[in-house]
Amino acid sequence: MQTLSILGSTGSIGVSTLDVVARHPDRFQIFALAGHTQTAKLAEQCRQFKPRYAVVADEAHAAALRQQLGSLKTKINTEVLHGKQALIDIATASEVSGVMCAIVGAAGLPSALAAAAHGKTIYLANKETLVVAGSLFMETAHQNGAAILPVDSEHNAIFQVLPRDYSGSLNAHGIASIILTASGGSFLHTDLTDFPAITPAQAVKHPNWSMGQKISVDSSTMMNKGLELIEARWLFNCPPERLEVVIHPQSVVHSMVRYADGSVLAQLGTPDMRIPIANCLGLPQRIASGAAALDFSRLAALTFQPPDFQRFPCLKLAYDALAIGGGAPCVLNAANEIAVAAFLRGQILFTDIARVVEHSLAQHSRSGSLKTQTLADLLALDNEVRHTAAEFIQSGSLKAGL
Ligand code: NAD
Ligand code: MG
């Protein structure tokens, strides 16, 4: 029996995780759920899974959740906690064997890092942890014997087709490169002159996957693939020049590994996150996920094409950040989080997202603030970039075309 804490249980990945967990009551029990501000959904999850703890953002949401739990027909003995330290507490408690890290954004970093420092098995959906603090996170996990199991569908696919004993050296296993597939998002064929008019409602509608708002926008700019390049660099210790991206609009091949003998191994499946989640949770066994079987008779074609940096400048910016190294990926991520939030509020254009990120990268590479080693350094840089990116958006420079 595995005892799990689920950070971000009310989000898209959190809900899919609980769906898989509910299919296997003999294998999993829930120690804690964390749902930030979505108290009604969290109360319903508490009713179903009866965790020892539920964590929300602050005192006001804690009061709301206690009231919602109190009004349930069956009495629930879940203790309600709040705040950032509570996230760390449920990620590191001695009773917990596995932690699903499914908070969105850099907000998920401190709890994921704490779980790594405590040697937990980490089911990692929160890719921003590796983008912001890849080196620190992997080293912490390694030193403390924490297993990192990738939930992100591409990385889970790669994980499945790498040799079982993969040691972190491509050469030692005869691996030529790692190939990340990308759907290309909703605007793969949109005329470039129409890009400035893309609305938030259009950008959050992904053609193949159902996901949270932020990652859906990231997919439409292909920043998501950029973040995933950085994620793969750290997870598999893969140098940037051996990371390939290929656009595959059908999202059936979830990623591939190219071997020295010319073989390419791929993992295929329907676009349903319960597949990689079940793969991670079930290891070393294969367990049912609830996902529909892949129906080959209905697959008209699987197509592939190279990515276009003019259409997707965010992908190029991620390669740049990877090449600069140090804190540059942290800058990329923080600026992107601010820009995506501003775009979703209707404050900036779709095409401004890349401009905000590009400006932030240039500004912070110049200022020499990219030497980052500790969590405190990274959080300080993250915070500074959020401020300067917000100032840049407020300043009107984007409208002036500067
Ligand atoms: P989501 O927006 O649907 O859910 C986010 C969860 O985090 C919610 O439970 C929310 O309450 C919580 N949360 C938000 N801000 C928080 C904060 N400041 N502190 C604590 N909790 C907070 O997001 P999602 O689509 O489920 O994505 C979660 C993570 O998984 C992201 O890092 C994303 O990139 C990654 N991921 C998602 C998918 C997918 O299919 N949705 C696929 C691969 C990777
Ligand atoms: Mg992915």
Side-chain angles (χ1 to χ4, degrees), residues 5-19 32-42 44-45 54-58 61 65 81-88 90-91 100-112 122-132 149-159 180-185 204 206 208-219 222-232 235 245 248 251 253-255 267 269-277 279-280 291 333 336-337 340-341 344 379 382 386:
S5 282
I6 304 190
L7 314 180
S9 67
T10 50
S12 167
I13 292 288
V15 167
S16 293
T17 302
L18 288 174
D19 183 279
L33 297 173
H36 204 46
T37 54
Q38 295 165 282
T39 54
K41 204 166 178 179
L42 189 53
E44 175 52 29
Q45 293 180 340
V55 176
V56 289
D58 49 34
H61 288 96
L65 180 60
L81 310 172
H82 66 87
K84 293 178 185 171
Q85 183 58 43
L87 288 176
I88 293 177
I90 62 166
M100 169 59 74
C101 294
I103 290 172
V104 61
L109 167 60
S111 48
I122 297 175
Y123 309 109
L124 189 67
N126 179 267
K127 62 191 80 187
E128 293 89 349
T129 287
L130 282 170
V131 175
V132 176
L149 304 179
V151 170
D152 207 348
S153 59
E154 296 77 3
H155 305 74
N156 183 264
I158 294 160
F159 176 71
L180 292 167
T181 54
S183 70
V204 298
H206 195 279
N208 306 334
W209 296 93
S210 156
M211 310 185 284
Q213 282 205 328
K214 191 252 176 190
I215 183 176
S216 297
V217 175
D218 285 348
S219 296
M222 279 195 80
M223 178 57 92
N224 183 49
K225 210 50 52 184
L227 300 179
E228 291 182 356
L229 276 172
I230 303 170
E231 186 184 7
L235 272 176
V245 172
H248 165 51
S251 298
V253 174
H254 295 307
S255 277
Q267 183 262 355
T270 47
D272 185 327
M273 287 308 294
R274 290 175 301 177
I275 297 175
I277 290 168
N279 176 259
C280 289
N333 179 69
N336 182 58
E337 286 194 33
V340 170
L344 286 170
L379 293 180
D382 173 84
R386 282 168 198 270

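Just so it is clear, the model here is predicted, and its values are computed rather than measured. Just so it is clear, the values below take in all heavy atoms, side chains as well, and ignore hydrogens, waters and symmetry mates. In listed order, ligands and their atoms are each counted from 1.
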Would you mind checking which non-hydrogen protein atom is closest to [atom], with the distance to 0.1 Å?
atom                    : result
atom 28 (C) of ligand 1 : Ala102 O, 3.4 Å
atom 25 (O) of ligand 1 : Gly212 N, 2.9 Å
atom 29 (C) of ligand 1 : Ile103 O, 3.6 Å
atom 36 (N) of ligand 1 : Ile215 CD1, 3.6 Å

Can you list the atoms of ligand 1 that are under 4.0 Å from a heavy atom of [X]?
X      : answer
Met211 : 39 (C), 40 (O), 41 (N)
Ala125 : 30 (O), 32 (O), 35 (C), 36 (N), 44 (C)
Met273 : 40 (O), 42 (C), 43 (C)

Apply side-chain contact (heavy atoms from CB on, under 4.5 Å) to Ile277 and Met100, showing your working. CA-CA 9 Å; Ile277 290 168; Met100 169 59 74; 4.2 Å; yes

Are Lys127 and ligand 1 in contact, using a heavy-atom cut-off of under 4.0 Å? yes

Decide whether the shortest distance between a heavy atom of Gly14 and an atom of ligand 1 is less than 4.0 Å. no

Measure from the Mg ion (ligand 2) to every N/O/S atom of Glu154 and report the name of the nearest one.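 Atom name returned: OE1.
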
Identity of the nearest option to [atom], non-hydrogen atoms only, from [options]:
atom                    : options                      : result
atom 32 (O) of ligand 1 : His206, Lys84, Glu128        : Glu128
atom 19 (N) of ligand 1 : Glu231, Lys41, His36, Lys214 : His36
atom 5 (C) of ligand 1  : Val104, Asp152, Ile13        : Val104

What do you reckon, does [X] have a nitrogen or oxygen under 3.5 Å from a nitrogen or oxygen of ligand 1?
X     : answer
Leu87 : no
Gly11 : yes
Ser12 : yes
Thr10 : yes

Where does Asn126 meet ligand 1, judged by heavy-atom distances below 4.0 Å: at the side chain, the backbone, both, or neither? both

Residue-level breakdown please: for Gln38 versus ligand 1, do any non-hydrogen atoms fall below 4.0 Å on the side chain, on the backbone, on both, or on neither? side chain

Would you call [X] and [Y] a side-chain contact if the rule is heavy atoms closer than 4.5 Å?
X      : Y      : result
Leu18  : Leu33  : yes
Val15  : Asp19  : no
Thr129 : Leu109 : yes
Val217 : Val204 : yes

OD1 (Asp152) to the Mg ion (ligand 2) to OE2 (Glu228), nearest 10°, is 100°

Carboxylate-amine/guanidinium proximity below 4.0 Å for Glu154 and Lys127: no

NZ/NE/NH1/NH2 to OD/OE distance under 4.0 Å, Glu44 and Lys41: no

For residues Met211 and Ser219, report the shortest heavy-atom separation together with the two atoms involved.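 Looks like CE-OG, 3.4 Å.
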
Would the distance check show the side chain of Glu228 and the main-chain N or O of Leu180 forming a donor-acceptor pair, the cut-off being under 3.5 Å?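 A pair under 3.5 Å: no.
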
Does any N or O in the side chain of Gln45 come within less than 3.5 Å of the main-chain N or O of Ser9, such that one atom is a donor and the other an acceptor?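 Yes; at least one donor-acceptor contact below 3.5 Å.
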
